[in-house]
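Shown next, in structure tokens, is the structure this report addresses.
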Amino acid sequence: EHYHTTMASPALSSVVVATSSSSSSAKVDREKVTPFLLRVFSKTGGHYSIGDFQVRGKEPAGEIQIYTWKDASLREITDLVKSINHAARFRNARLSFAFIFPDSKGRNILREVGTVHSSRGGPDDMKTLESLKFEV
């Protein structure tokens, strides 16, 4: 089963809301830096379409709100999603991550950034939001 998780740049405030800016360094002091709100939208079988995020306040149902930092890895986010969403816990589940963000002309872009397997390690596990150029 393939389980898709869509996240977005905070520039599209209807998808990700930053409550404070995190440090630009690779390792964040989580005792001193305030986390930001990451709005995660999960869907079984494929990513949501870009059009699903066009109207603020009418995003897809089933949103998962995660407070995190830019040094969070896709594995860490996967574990948080698994703690909330039963389908993500299946042994053969794969969580495919994508960011949705506006381009310079204001059109939404979907960029796939990695896949994490629910029950075993893989090459994308340790990718961090910062290394994937996620912007708060």
Side-chain angles (χ1 to χ4, degrees):
E1 182 167 340
H2 204 76
Y3 185 79
H4 295 268
T5 304
T6 304
M7 300 178 293
S9 162
L12 182 60
S13 61
S14 63
V15 178
V16 173
V17 178
T19 56
S20 79
S21 180
S22 64
S23 154
S24 62
S25 66
K27 190 67 179 166
V28 174
D29 183 344
R30 293 182 177 194
E31 294 292 318
K32 295 181 180 176
V33 176
T34 304
F36 59 89
L37 174 62
L38 180 69
R39 297 178 68 193
V40 178
F41 299 86
S42 301
K43 180 180 179 185
T44 301
H47 288 291
Y48 285 103
S49 73
I50 292 172
D52 292 328
F53 296 92
Q54 290 297 343
V55 179
R56 185 177 179 159
K58 297 197 179 211
E59 296 86 3
E63 173 183 356
I64 300 170
Q65 295 185 347
I66 298 172
Y67 285 92
T68 193
W69 298 265
K70 286 182 78 172
D71 67 341
S73 68
L74 293 183
R75 169 57 63 192
E76 182 179 351
I77 295 168
T78 294
D79 291 343
L80 291 168
V81 170
K82 285 170 53 177
S83 73
I84 296 167
N85 191 306
H86 181 73
R89 295 181 207 148
F90 293 137
R91 184 180 181 108
N92 61 345
R94 291 180 297 152
L95 284 74
S96 176
F97 290 90
F99 297 155
I100 294 180
F101 57 94
D103 66 10
S104 60
K105 296 179 183 177
R107 295 177 300 214
N108 284 344
I109 303 291
L110 185 141
R111 180 170 61 97
E112 295 190 26
V113 296
T115 300
V116 176
H117 296 268
S118 177
S119 61
R120 62 180 158 83
D124 294 340
D125 286 13
M126 299 316 293
K127 288 181 179 179
T128 65
L129 295 175
E130 185 166 34
S131 73
L132 294 167
K133 301 191 182 340
F134 184 84
E135 295 180 20
V136 177

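All values reported here derive from a predicted model rather than from experimental measurement. All residue numbers refer to positions in the sequence shown, counting from 1.
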| task | Mark yes or no for whether R89, through its side chain, and K82, through its backbone, hold a donor-acceptor pair below 3.5 Å. | result | yes
| Nearest heavy-atom neighbours spanning R75 and R120 | NH2-O, 3.0 Å
| query | Are L38 and I77 close enough that some pair of their side-chain heavy atoms sits under 4.5 Å apart? | reply | yes
| message | I'd like to know if the side chain of K70 reaches the main chain of F134, judged simply by a donor and an acceptor atom lying under 3.5 Å from each other, with no hydrogens or angles considered. | response | yes
| So which heavy atom on T128 is nearest to which on D71, and how close? | CG2-O, 3.4 Å
| said: Under the rule for salt bridge (charged side-chain N to carboxylate O under 4.0 Å, His left out), what residues qualify as partners of K127, not counting sequence neighbours? | reply: D124
| task | Would you kindly confirm whether I84 and V116 end up in one hydrophobic cluster when ILVMFWY residues are joined by side chain heavy atoms under 4.5 Å apart? | result | yes
| query | Do P60 and F53 come close enough that some side-chain heavy atom pair is under 4.5 Å? | reply | yes
| field | Donor-acceptor contact below 3.5 Å, side chain R91 vs main chain S118 | value | no
| note | Closest heavy-atom pair, L110 versus E112, reported as atoms and distance to 0.1 Å, is CD2-CG, 4.0 Å
| note | D52 meets the salt bridge (charged side-chain N to carboxylate O under 4.0 Å, His left out) criterion, sequence neighbours left out, with none
| Are any side-chain N or O atoms of D79 and backbone N or O atoms of E76, one a donor and one an acceptor, separated by less than 3.5 Å? | no
| With side chains defined as the heavy atoms from C-beta onward, is the minimum distance between P35 and T68 less than 4.5 Å? | no
| request: Determine the minimum heavy-atom distance between N85 and S42, stating which atoms define it. | output: ND2-CB, 4.3 Å
| Is there a side-chain contact between F36 and L129 (heavy atoms, below 4.5 Å)? | yes
| query | Taking all atoms of both residues into account, what is the closest heavy-atom pair of A88 and A93, and its distance? | reply | O-CB, 3.8 Å
| task | Hey, could you give me the OG/CD1 distance between S49 and I100, rounded to the nearest 0.5 Å? | result | 7.5 Å
| request: Given side-chain contact (heavy atoms from CB on, under 4.5 Å), test T78 with D125 step by step and report yes or no. | output: CA-CA 9 Å; T78 294; D125 286 13; over 6 Å; no
| Same cluster for I50 and F41 if Ile/Leu/Val/Met/Phe/Trp/Tyr side chains link at under 4.5 Å? | yes
| message | Hydrophobic clusters here meaning ILVMFWY residues chained together by side-chain heavy-atom distances under 4.5 Å, can you tell me if I109 and F97 are in one? | response | yes
